[in-house]
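What follows is a short report on a single structure.
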There are 2 protein chains.
Amino acid sequence: MLSRASKYAILSTLYLAEHASKEKKMSVKKIAEAIDVPSPFLAKLFQQLVHAKIISSIKGPKGGFFITKKNGEKTVCDIIENIDGLHKLNECFLGLNECDGENPCPVHFIVEPFKRNILGKFRDKSIMEFSKEVADNGRFLTLKHLDLD
Amino acid sequence: MLSRASKYAILSTLYLAEHASKEKKMSVKKIAEAIDVPSPFLAKLFQQLVHAKIISSIKGPKGGFFITKKNGEKTVCDIIENIDGLHKLNECFLGLNECDGENPCPVHFIVEPFKRNILGKFRDKSIMEFSKEVADNGRFLTLKHLDLD
DNA sequence: AAATAAAAAGACCTTTTTATCTTTTATTTA
DNA sequence: TAAATAAAAGATAAAAAGGTCTTTTTATTT
Ligand code: FES
Ligand code: FES
């Protein structure tokens, strides 16, 4: 449904929202390490997110990425839109050219409520609100801590 | 979530279930045309499905693909398992290494019920039953008929 | 038996996605 | 001002997914 690129971007941005700020910027390397994604790839993605004003960056020593108040008002939807395109969230589960109730595929009426639900989740809360909720509810952005094997 | 390969395989098999039988076999070409998928690609997929005893085939003139009573007892799950692997239906929506309620990602509790639902749909009905339901409820396997533009 | 129709098998090609590497630019600090 | 640090930009590479083509095998029809 979502590309890896989008998934990396979402998790990394939420991580950034929780752990960085204008006063405490973070380098790509640190973030990539923290949530276990390939850092040069993440660097590319972050470039796009900066461009889309979803996150901010400053070059040089003591530089890095962070999220301003303004940035934090963007949504997870905005991330997806800028990496994959929003249509990726609305494709037919079985690959029909369109997903709509007029011409439903065999699983449309199972899939459609889910899609509405997740779209709402990604659209109706700002990244800052979403991030707070994630932290409050003890959701995970990585399972790195489980690699005890 | 599912690869195109799986989607093609599911749609084509359901089409076969509805339109072919031991007495009325169908060639790849006809099926591919009917549901609008690339025929050499579908040929490959059907090879795998024959191997997995999900569909049957006879070579030569008057040959083609069809579904026996025995075949019809398989499930859509079996198709997915043989093309993509079932794990594709159980991956974390945001790409965490595992999807489980002990270590949920930010959207786990939205995604998990949907996954259970769709898995049930694909597992608890035989392909023949599923196909009948699809026909009875007027679900579509292609939107070819809409290409009036 | 010869011609033909269709699947099986496997090699091959193309595009997209994922990932890396290198150079440049901006900023800070010593 | 020089050295160091970190992002920006862009070229490149590797892998996976998607798709095509050719040859072989099998069955049927004439
Ligand atoms: S038509 Fe297939 S999911 Fe809506
Ligand atoms: S943990 Fe992400 S969907 Fe279950």
Side-chain angles (χ1 to χ4, degrees), chain A residues 1-13 16 20 22-33 35-67 71 80 82-85 87-88 91 95, chain B residues 1-13 16 20 22-33 35-67 71 80 82-85 87-88 91 95:
Chain A
M1 214 146 209
L2 296 180
S3 69
R4 254 189 234 196
S6 271
K7 292 171 183 175
Y8 290 169
I10 293 169
L11 295 172
S12 301
T13 302
L16 201 64
K22 199 158 188 176
E23 295 76 43
K24 203 173 76 182
K25 308 183 192 75
M26 276 195 123
S27 71
V28 168
K29 220 181 144 200
K30 261 192 132 178
I31 299 161
E33 214 148 273
I35 68 170
D36 211 15
V37 306
S39 81
F41 193 37
L42 183 58
K44 284 276 129 183
L45 298 173
F46 268 17
Q47 269 180 47
Q48 295 182 63
L49 297 185
V50 169
H51 212 87
K53 299 194 198 309
I54 294 166
I55 62 178
S56 298
S57 70
I58 296 282
K59 290 184 188 177
K62 287 283 162 185
F65 293 91
F66 59 99
I67 295 193
N71 291 148
I80 296 170
N82 274 279
I83 306 287
D84 274 351
H87 64 96
K88 272 294 202 79
E91 284 168 346
Chain B
M1 213 146 208
L2 295 180
S3 68
R4 258 190 228 195
S6 272
K7 292 171 183 174
Y8 290 167
I10 292 169
L11 295 171
S12 301
T13 301
L16 200 64
K22 197 156 190 175
E23 296 76 41
K24 202 173 75 183
K25 308 183 192 75
M26 277 195 123
S27 70
V28 168
K29 218 180 146 203
K30 261 192 131 176
I31 299 161
E33 215 148 272
I35 68 168
D36 211 15
V37 306
S39 82
F41 194 36
L42 183 58
K44 286 272 130 190
L45 298 173
F46 268 17
Q47 270 181 45
Q48 296 181 63
L49 297 185
V50 169
H51 211 87
K53 300 194 198 311
I54 293 166
I55 63 179
S56 297
S57 70
I58 297 282
K59 290 183 187 178
K62 288 284 161 186
F65 294 91
F66 58 100
I67 294 193
N71 291 149
I80 296 170
N82 273 279
I83 305 288
D84 274 352
H87 63 97
K88 271 295 200 82
E91 284 169 345

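Residue numbering restarts at 1 for every chain, and letters A, B, ... go by the order of the sequence lines.
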Residue pair [X] / [Y]: nearest heavy atoms and the distance that separates them:
| X | Y | answer |
| --- | --- | --- |
| Tyr8(B) | Val37(B) | CD2-CG1, 3.5 Å |
| Ser39(A) | Val28(A) | O-CG1, 3.3 Å |
| Ile35(A) | Ser12(A) | CD1-OG, 2.9 Å |

Of all residues at least two apart in sequence or in a different chain, which pass the side-chain contact (heavy atoms from CB on, under 4.5 Å) check with Lys62(B)?
-> none
With Lys59(A), which residues qualify under side-chain contact (heavy atoms from CB on, under 4.5 Å), at least two apart?
-> none
Taking a pair as Watson-Crick (N1 to N3 plus N6-O4 or O6-N4) or G-U wobble (N1-O2 and O6-N3), both under 3.5 Å, which stems of 3 or more consecutive pairs involve DNA chain D?
-> C:1-30 with D:1-30
Heavy atoms under 4.0 Å, any strand shown: does Phe46(B) hit a base, just sugar-phosphate, or nothing?
-> nothing
Taking only residues two or more places apart in sequence or in another chain, which ones pass ring pair (Phe, Tyr, Trp, His ring centres under 6.0 Å) with Phe66(A)?
-> none
Taking only residues two or more places apart in sequence or in another chain, which ones pass side-chain hydrogen bond (donor to acceptor under 3.5 Å, both in side chains) with Asp84(A)?
-> Ser3(A), Ser6(A)
Per the atom types in the model, does the base of dA7(D) pair as donor or acceptor with the side chain of Gln47(A) at under 3.5 Å?
-> no
On DNA chain C, reading 5' to 3', which nucleotide is the first and which the last to sit with an atom under 4.0 Å from a heavy atom of chain B, could you check?
-> dT4(C) to dG10(C)
Show the atom names and distances, to 0.1 Å, of all donor-acceptor pairs under 3.5 Å that link a side chain in residues 42-56 of chain A to residues at least two apart or in another chain.
residue, atom, partner, partner atom, Å
Ser56(A), OG, Asn71(A), OD1, 2.5

Protein-nucleic acid N or O pairs under 3.5 Å, nucleotides 17-20 of chain D:
residue, atom, partner, partner atom, Å
dG19(D), OP1, Arg4(B), NH1, 2.8
dG19(D), OP2, Tyr8(B), OH, 3.1

When rounded to the nearest 0.5 angstrom, what is the spacing between [atom1] in [X] and [atom2] in [Y]?
| X | Y | atom1 | atom2 | value |
| --- | --- | --- | --- | --- |
| Glu33(B) | Met26(B) | CD | CE | 10.0 Å |
| Lys30(B) | Lys25(B) | NZ | NZ | 13.0 Å |
| Lys88(A) | Ile80(A) | NZ | CD1 | 10.5 Å |

Does anything in residues 56-64 of chain B reach DNA chain C, meaning a heavy atom under 4.0 Å, and if so which residues?
-> Ser57(B), Ile58(B), Lys59(B), Gly60(B), Pro61(B), Gly63(B), Gly64(B)
Under a 4.5 Å cut-off applied to non-hydrogen side-chain atoms, are Thr13(B) and Ile67(B) in contact?
-> yes
